[in-house]
Amino acid sequence: MPNAEARRTMPGPLEVVEIERSFLRELGSIFWFIANTFQETMERVQQGRAPFRAASFFRESVRAGVDSVPLVGLVCFFLGLTMALLTGYQLQRFGTERLIPGLVAIAFTRELGPLLTGIMVAARIGAAFTAELGTMQVNEEVEAIEAMGIGPLRFLAAPRMLALFLLTPCLSTVSNLAAVFASSLVCKAYFSIAFPYFLDLVKDSLLIRDIITGILKSFMFGLLIASIACYRGLTVKGGAAGVGTNTTSSVVTAITTVIGFDTVYNVIYTNFYPT
Amino acid sequence: MVELRDVHMQFEEKKVLEGVSLDVQPQERLVIMGQSGSGKSTILRLILGILRADSGSIFFKQFEINRLNRRKLQQVRQHIGMVYQYSALLSSLTVRENVALPLEELTDKSRNELDKIVDEKLDLVGMKDAKDLLPDELSGGMRKRVALARGLVLEPELILLDEPSAGLDPVIASVVDELIISLTEKSKVTSITVTHEMESAFRIATRMAMLYEGKIIEEGEAKEFKQSKNPVVAQFLSGSTEGPILEGSLDAITKK
């Protein structure tokens with residue numbers, strides 16, 4: 001009987017094809033969504049008018065960026081602390097604890113900072129965007145905007161997308177600084193590395209390229225998270241339950257996409273720049 | 001002003017409109033009646049181009065709505081006002097901001113001109129004192145009046161009203177109906193109202209149409225409607241349980 005049950009729940013070849021198809025459909029829809037939002041915004045700019053309200057952009061920037069600083073800073077501070085402590089004890093066995101500053105700085109600047117920031121932003125802001133736009137969709141507010149002749153994509157999605165696109169790299173920088181600062185405290189307290197020496201070690205090991213690659217990644221993470229969140233919000237169907245379902249789906253999709261994109265980015269990057 | 005020619009519309013398996021044809025003359029107040037879920041609101045969304053018909057043509061003036069590109073459609077929509085059943089005011093904006101929104105987004109009016117127009121429209125619907133309130137702080141009737149002011153703020157040639165008096169007490173419903181009549185007359189606006197509230201329909205209408213099973217089964221003036229020999233119209237107007245409308249489904253209900 002367990003075998004029969006397993007057979008029933010395991011997706012068959014046709015179901016796998018259907019899952020793949022629906023995945024590709026979703027992917028296409030999100031790209032269509034980004035392209036349409038961009039087109040609608042540019043059309044408006046060509047008419048010589050502001051594509052959205054500046055107040056709306058600043059409100060979203062404060063919410064997505066400034067209000068996220070404590071969370072991102074604190075989480076990365078603790079992670080930097082833990083990372084320095086755990087790697088420090090291992091490196092100390094070989095007498096190479098002076099590698100800690102470089103290790104933490106490179107790991108966070110290139111990889112962990114942008115990635116963790118992306119995950120936190122997806123959970124905190126992506127969910128909020130989807131729930132907010134989803135509720136507007138259910139209450140016919142989005143349709144009312146469209147009925148007035150106002151493009152809902154440029155009016156609702158564009159300021160959110162631009163805010164996350166610009167603010168995610170800033171948050172990523174905050175996360176890097178918090179982690180490096182935390183590791184400097186550990187280095188001082190446990191491994192007798194003074195702060196000026198710590199800074200020299202960070203400067204020696206960190207390349208401009210590491211910083212640029214992390215920042216570039218963060219821009220893309222911000223755009224992807226905002227696009228997925230807005231797309232999911234504006235396609236809510238089925239009332240309050242639909243808002244709940246799409247909010248969960250938005251967070252799951254955004255986190256998966258961020259990690260997936262990060263992997264692809266790293267594979268391509270390390271192929272072109274192996275060192 | 002508006003013309004629907006043999007419009008068909010289907011949602012998945014459910015056929016909603018099966019060859020609807022309708023002609024709306026300038027400055028008339030057409031009321032479309034029909035049962036809940038009969039496709040009345042769908043007709044309004046088709047006129048606005050929010051939904052696309054499966055077949056048939058929809059004209060607003062010289063424009064064929066289902067053939068317009070997005071940019072042109074947005075321009076045409078600026079000549080049509082829409083008042084939703086549940087008002088659909090933007091909950092994060094105040095009454096004033098809601099009414100000012102189309103002006104801010106679609107015109108080049110100065111701040112002073114804009115304030116003057118908003119005040120004037122809010123005054124027309126008797127909501128000038130509530131302009132700093134949020135939609136959540138308003139009653140259903142007040143929201144409808146603000147939605148009406150928003151619908152008229154761009155001085156449209158056509159206004160579409162989706163169940164304007166639904167969910168309101170009889171007195172407020174009459175106030176909203178009277179407001180619709182006076183505003184459309186004053187601004188010389190054509191209106192299409194969909195409703196299943198008989199009193200409201202007869203108060204507003206200069207012409208009526210009955211939608212049943214995806215087709216317009218009767219059209220005419222209010223007087224003609226009251227004397228209609230069509231059994232569906234007669235049953236709908238009387239609200240009787242006996243007649244062709246509930247045939248079949250009534251048996252199922254009574255058996256329970």
Side-chain angles (χ1 to χ4, degrees), chain A residues 32-33 35-60 62-63 128-129 131-160 233-235 237-240 243, chain B residues 11-12 41-42 44-51 60 65 68-93 97-109 135-136 143 146-147 150-154 156 158-163:
Chain A
W32 173 90
F33 179 81
N36 269 265
T37 306
F38 186 73
Q39 192 190 356
E40 223 174 70
T41 308
M42 282 300 120
E43 274 174 15
R44 182 82 172 167
V45 173
Q46 278 167 3
Q47 290 165 13
R49 305 181 68 106
F52 44 77
R53 297 167 158 206
S56 168
F57 166 72
F58 287 119
R59 193 182 59 234
E60 300 306 337
V62 169
R63 199 160 61 135
F129 282 180
E132 191 181 2
L133 294 178
T135 309
M136 287 181 79
Q137 173 76 11
V138 168
N139 293 339
E140 293 181 322
E141 291 176 41
V142 178
E143 194 185 304
I145 290 171
E146 203 179 346
M148 284 179 229
I150 301 170
L153 297 182
R154 64 125 179 123
F155 185 74
L156 295 170
R160 288 171 170 83
L234 293 172
T235 50
K237 281 188 185 119
V243 176
Chain B
F11 292 113
E12 290 171 8
S41 303
T42 303
L44 300 187
R45 285 176 169 85
L46 286 169
I47 295 169
L48 273 168
I50 285 169
L51 294 174
F60 168 66
I65 295 290
L68 298 178
N69 63 24
R70 188 182 59 196
R71 192 188 276 196
K72 192 72 200 161
L73 193 57
Q74 283 181 354
Q75 284 169 0
V76 169
R77 281 174 185 159
Q78 292 170 29
H79 298 276
I80 307 174
M82 171 84 185
V83 178
Y84 283 85
Q85 184 173 0
Y86 300 106
S87 307
L89 298 174
L90 270 66
S91 51
S92 57
L93 304 183
E97 289 167 331
N98 261 291
V99 178
L101 182 68
L103 290 171
E104 282 176 356
E105 287 294 320
L106 305 166
T107 66
D108 293 314
K109 296 204 185 305
D136 277 353
R143 278 188 217 176
V146 176
R150 185 179 68 180
L152 289 168
V153 80
L154 285 177
L158 170 70
I159 186 148
L160 309 173
L161 301 128
D162 191 358
E163 307 276 4

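Chain letters run A, B, ... following the sequence lines, proteins first, then strands; residues in each count from 1. A quick note: this is a predicted structure, and the numbers were derived from the prediction, not measured. Just the heavy atoms: all of them, side chains too, but no hydrogens, waters or symmetry mates, feed the values below.
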- Message: Under 4.5 Å from any heavy atom of chain B, what part of A/F155 do you find: side chain, backbone, both or neither?
- Response: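 Interface part for A/F155: side chain.
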- Message: Report which part of A/R154 has an atom under 4.5 Å of a heavy atom belonging to chain B: side chain, backbone, both, or neither.
- Response: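 For A/R154, the side chain is the part near chain B, not the backbone.
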- Query: What do the steps show when you test B/R70 against A/N36 for side chain to side chain contact (heavy atoms under 4.5 Å, CB included), and what is the final call?
  - Reply: CA-CA 11 Å; B/R70 188 182 59 196; A/N36 269 265; 3.2 Å; yes
Check whether [X] gets within reach of chain A through its side chain, its backbone, both or neither, counting any heavy atom under 4.5 Å.
X      : result
B/I47  : neither
B/I80  : backbone
B/E104 : both
B/L89  : backbone
B/S87  : neither
B/L90  : both

- Item | Exercise: identify the closest heavy-atom pair between B/P102 and A/I150 |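 Where B/P102 meets A/I150 most closely, the heavy atoms are CA-CD1, 4.4 Å.
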- B/Q78 to A/G149 - nearest heavy-atom pair and separation: NE2-O, 4.2 Å
- Message: Among A/R44, A/M136, A/R49, which residue has the highest count of heavy-atom pairs closer than 4.5 Å to chain B?
- Response: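 The option with the most such pairs is A/R49.
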- Count the heavy-atom pairs under 4.5 Å between each of A/E143, A/E140, A/E43, A/Q47 and chain B, then report the option with the highest count. A/E143
- Between atom CG of B/L48 and atom CE of A/M148, what is the distance when rounded to the nearest 0.5 Å? 11.0 Å
- Message: Working to the nearest 0.5 angstrom, can you tell me the gap between B/L93 CG and A/E141 CD?
- Response: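 Reported to 0.5 Å precision, the distance equals 8.5 Å.
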- Which of B/V76, B/D108, B/L160 touches chain A most, by non-hydrogen pairs under 4.5 Å: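 Among B/V76, B/D108, B/L160, the one with the most close pairs to chain A is B/D108.
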- Message: Quick one: does any side-chain atom of B/R71 pair with a main-chain N or O of A/E40 as donor and acceptor, under 3.5 Å?
- Response: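 The answer is no, because no donor-acceptor pair under 3.5 Å joins these two groups.
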- Message: salt bridge (Lys or Arg N to Asp or Glu O under 4.0 Å), that's the test. Do A/E146 and B/R45 meet it? Break it down for me.
- Response: CA-CA 11 Å; A/E146 203 179 346; B/R45 285 176 169 85; over 6 Å; no
- Query: More than 12 heavy atoms of other residues, nucleotides or ligands under 6.0 Å from CZ of A/F38: is that the case?
  - Reply: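 Atom CZ in A/F38 is not crowded, with 12 or fewer foreign heavy atoms closer than 6.0 Å.
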- Using a cut-off of 6.0 Å, state whether more than 12 heavy atoms not belonging to A/F57 lie near its atom CZ. yes
